[in-house]
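One-based numbering along the sequence shown.
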Amino acid sequence: MKGLRCRMATSALLPVLLFVAASLATVPLAAQVRDQHEDANSARYDAMFGTPNRYTPSPPTNLFATTPGLEQQVRRSQFTVNGLVPMFFNSNAEALPSGGTNSAEFSPILGMSWATPVFDLPFKFTANTRAEVDRFTQASSLDFDKITASGRLQYVDPNNDQAYSPYVSYAPRWDFAPFYKSWFATRQDLNFGVNKTFNYDANFRRVAFSGNTLAETVWSFGMTAVIQRRFRDPPPGSWAAYLVPSATFAISPHWNLSAGILAERRAFDSYYGFSQEDWLIEPIVTLEFVLPESWFGSDRTAMWLGRPALDFQVAYEKNWSNLPAANFEVWHVGIALKMGWRF
């Protein structure tokens, strides 16, 4: 009789135990898929901030080596404020292996950066903070907000902004329920990277080495390589390697074209006895139109309004994983309003 009661109690608890186990098992999957998808989203936004725009100030940190002024020393401390208002079609909002939801995505971003030379040394330090809000019209359960910060120490050759430019950076990020109501995740990235660019003029001749080749550059080709350690709460953390080729073409003072590919290999820490390993590739193409100052009446007015530009972008994400449920592909097609101020 006692054995029968034990078996009945075990039978009653079994659904609860299975539910708890299933819930725990979804934690690493959600974290890992979110990490890969969010890395791809960050690359898309960096692609828009990193266009060869000679008017709208860019944040002095970026994933793409061809970002104007990224490998250039600053003469004095400077502050940059940037705004981005992307509106995109997202073909797979949940990043599912199949049957994902088509949705419009609205992700405004506001950021502030401070860049300064490090005494008389050939180094530049940059601090950056950014707030972002993600909203989906057809998948509101995915809505969330985030705050990102970073500190980056970068070697820059004051006489050659096309030299190899290694850097180290620390970038934490905090994720919140909509309207920053409650925290639910933290990522901390430690990055070791190097940038290299090759700049050419309108006749496709290599631009002579100097501390500032932006005025002469029409074509720019770059490569970024990064090794990253990510600490995560909730777990798992991970190791990753990035290789990011990029190219830009300044068509005219008001039109430019840029392209880049994020190629990422990420190995997650063992979690519940399983070690997930992913490959992510994302080609990104961005066509930018800088609104002429004549549209605002004067150059001064355009400057006070942040030198607005419109970025038209197409991107495709593809993730391969040894966990079948973490395989996904996503198309992003849309437009963004970009603004920037420098002080």
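- Both Ile261 and Trp279 are part of a single hydrophobic cluster, where members link through side-chain heavy atoms under 4.5 Å apart.
- Around the CG atom of Asp120, the shell of radius 6.0 Å holds no more than 12 heavy atoms that belong to other residues, nucleotides or ligands.
- Residues passing the side-chain contact (heavy atoms from CB on, under 4.5 Å) test with Ser238 are Arg230, Arg266, Phe268, sequence neighbours excluded.
- Side-chain contact, Ser321 with Asn327: no donor N or O sits under 3.5 Å from an acceptor N or O.
- Phe49 and Val290 fall into different hydrophobic clusters, where Ile, Leu, Val, Met, Phe, Trp and Tyr are joined by side-chain heavy atoms under 4.5 Å apart, directly or via other members.
- A chain of hydrophobic side-chain contacts below 4.5 Å, direct or via other Ile, Leu, Val, Met, Phe, Trp or Tyr residues, connects Leu110 to Met339.
- For the pair Tyr180 (side chain) and Lys146 (backbone), a donor-acceptor distance under 3.5 Å is present.
- Between His37 and the choices Asp35, Asn41, Asp39, the side-chain contact (heavy atoms from CB on, under 4.5 Å) rule is met once, by Asn41.
- You'll find the side chain of Gln73 reaches within 4.5 Å of the side chain of Pro117, heavy atoms only.
- The minimum heavy-atom distance between Ala149 and Trp174, with the atom names listed, is CB-CZ3, 4.2 Å.
- A donor atom on one side chain and an acceptor atom on the other are found under 3.5 Å apart for Ser246 and Thr66.
- In this model, a donor atom of one side chain and an acceptor atom of the other lie less than 3.5 Å apart for Ser77 and Thr116.
- Every residue two or more places apart in sequence or in another chain that forms a side chain to side chain donor-acceptor pair (under 3.5 Å) with Asn195 is listed here: Glu71, Thr224.
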(request) Dump the intermediate steps for side chain to side chain donor-acceptor pair (under 3.5 Å) on Thr186 and Asp233, then the final yes or no. (result) CA-CA 5 Å; Thr186 299; Asp233 181 18; 5.4 Å; no

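- Using a 4.5 Å heavy-atom threshold, the side chains of Phe125 and Phe123 count as separate.
- Enclosure of atom CH2 in Trp304 is not indicated, since only 12 or fewer non-hydrogen atoms of other residues, nucleotides or ligands lie within 6.0 angstrom.
- Within the cation-pi definition used here (under 6.0 Å to the ring centroid, within 45° of the axis), Arg44 qualifies as a partner of Phe88.
- Between the side chains of Ser103 and Asn90, no donor-acceptor pair is found at a separation under 3.5 Å.
- If you take CG on Asp269 and CZ on Arg232, they are separated by 11.5 Å, rounding to the nearest 0.5 Å.
- Within the 4.5 Å cutoff, side-chain heavy atoms of Gln36 are placed close to those of Glu264.
- Applying the side-chain contact (heavy atoms from CB on, under 4.5 Å) test to Asn199 and every residue at least two apart in sequence or in another chain returns Asp161, Gln162, Thr197, Val207, Thr213, Thr217, Ser220.
- Scanning all heavy atoms of the two residues, the minimum distance from Met48 to Ala336 falls at SD-CB, 3.5 Å.
- Remark: Lys338 NZ to Asn82 CG distance equals 8.0 Å, nearest 0.5 Å.
- At least one donor-acceptor pair under 3.5 Å links the side chain of Arg342 to the backbone N or O of Ser58.
- Of the N and O atoms on the side chains of Ser107 and Glu132, not one donor lies less than 3.5 Å from an acceptor on the other residue.
- Phe179 carries Arg135 over the face of its six-membered ring, with the cationic atom under 6.0 Å from the centre and within 45° of the normal.
- Contact of the Phe289 side chain with the Leu287 side chain is not registered, since no non-hydrogen atoms from C-beta on lie closer than 4.5 Å.
- Tyr164 and Tyr155 end up in different hydrophobic clusters when Ile, Leu, Val, Met, Phe, Trp and Tyr side chains are linked at under 4.5 Å.
- A salt bridge is defined here as a Lys NZ or Arg NE, NH1 or NH2 lying under 4.0 Å from an Asp or Glu carboxylate O, and Arg307 with Asp299 meets this definition.
- Between the side chain of Asn128 and the backbone N or O of Ser150, no donor-acceptor pair lies under 3.5 Å.
- Taking the charged nitrogens against the carboxylate oxygens, Glu38 and Arg173 do have a contact shorter than 4.0 Å, which makes a salt bridge.
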(message) Using side chain to side chain contact (heavy atoms under 4.5 Å, CB included), reason through Leu70 and Phe64 one step at a time and then give a plain yes or no.
(response) CA-CA 9 Å; Leu70 192 62; Phe64 296 92; over 6 Å; no

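- Residues Phe119 and Trp114 share a single hydrophobic cluster, defined by chaining ILVMFWY side chains whose heavy atoms lie under 4.5 Å apart.
- Although no hydrogens or angles enter the test, the distance criterion places no donor-acceptor pair under 3.5 Å between the side chain of Asp46 and the main chain of Asn62.
- For the pair Thr248 and Asn256, the minimum side-chain heavy-atom distance is 4.5 Å or more.
- In terms of heavy-atom proximity, Ala326 sits nearest to Asp278 at CB-OD2, 4.4 Å.
- Note that OG of Ser275 and CG of Asn322 are 8.5 Å apart. Values are rounded to the nearest 0.5 Å.
- If you check the side chains of Gln138 and Thr101, you find no donor sitting under 3.5 Å from an acceptor.
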(message) Run Leu310 and Leu337 through side chain to side chain contact (heavy atoms under 4.5 Å, CB included) and show every step you take.
(response) CA-CA 5 Å; Leu310 295 175; Leu337 173 66; 4.0 Å; yes

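- A distance of 11.5 Å separates CG of Asn53 from CG of Leu214, quoted to the nearest 0.5 Å.
- Taking both residues in full, the closest heavy atoms of Pro57 and Thr80 are given as CB-CG2, 4.1 Å, listed atom of the first, atom of the second, then distance.
- Separation of atoms NZ (Lys124) and CG (Leu153) is listed at 11.0 Å; rounding is to 0.5 Å.
- Using cut-offs of 30° and 60° on the angle between ring planes, the pair Phe204 and Phe221 is perpendicular.
- Side-chain atoms of Phe209 and Asn159, non-hydrogen and from C-beta on, never get closer than 4.5 Å to each other.
- Here the closest heavy-atom approach between residue Ala40 and residue Leu262 is recorded as CA-CD2, 4.2 Å.
- The two residues Ala47 and Ile284 come nearest to each other via the heavy atoms CB-CG2, 3.9 Å.
- For the ring-ring contact (aromatic ring centres under 6.0 Å, His included) with Trp219, the lone residue among Tyr200, Phe198, Phe249 that qualifies is Phe249.
- Here the straight-line distance linking atom CE of Met223 with atom CG of Leu243 works out to 5.0 Å at 0.5 Å rounding.
- Under the 4.5 Å side-chain criterion, counting only non-hydrogen atoms from C-beta, Trp295 is not in contact with Pro308.
- Phe106 is not listed as a side-chain neighbour of Val133, based on a closest heavy-atom distance of 4.5 Å or more.
- With respect to the salt-bridge test (charged N to carboxylate O, under 4.0 angstrom), the residues Arg300 and Glu293 do not qualify.
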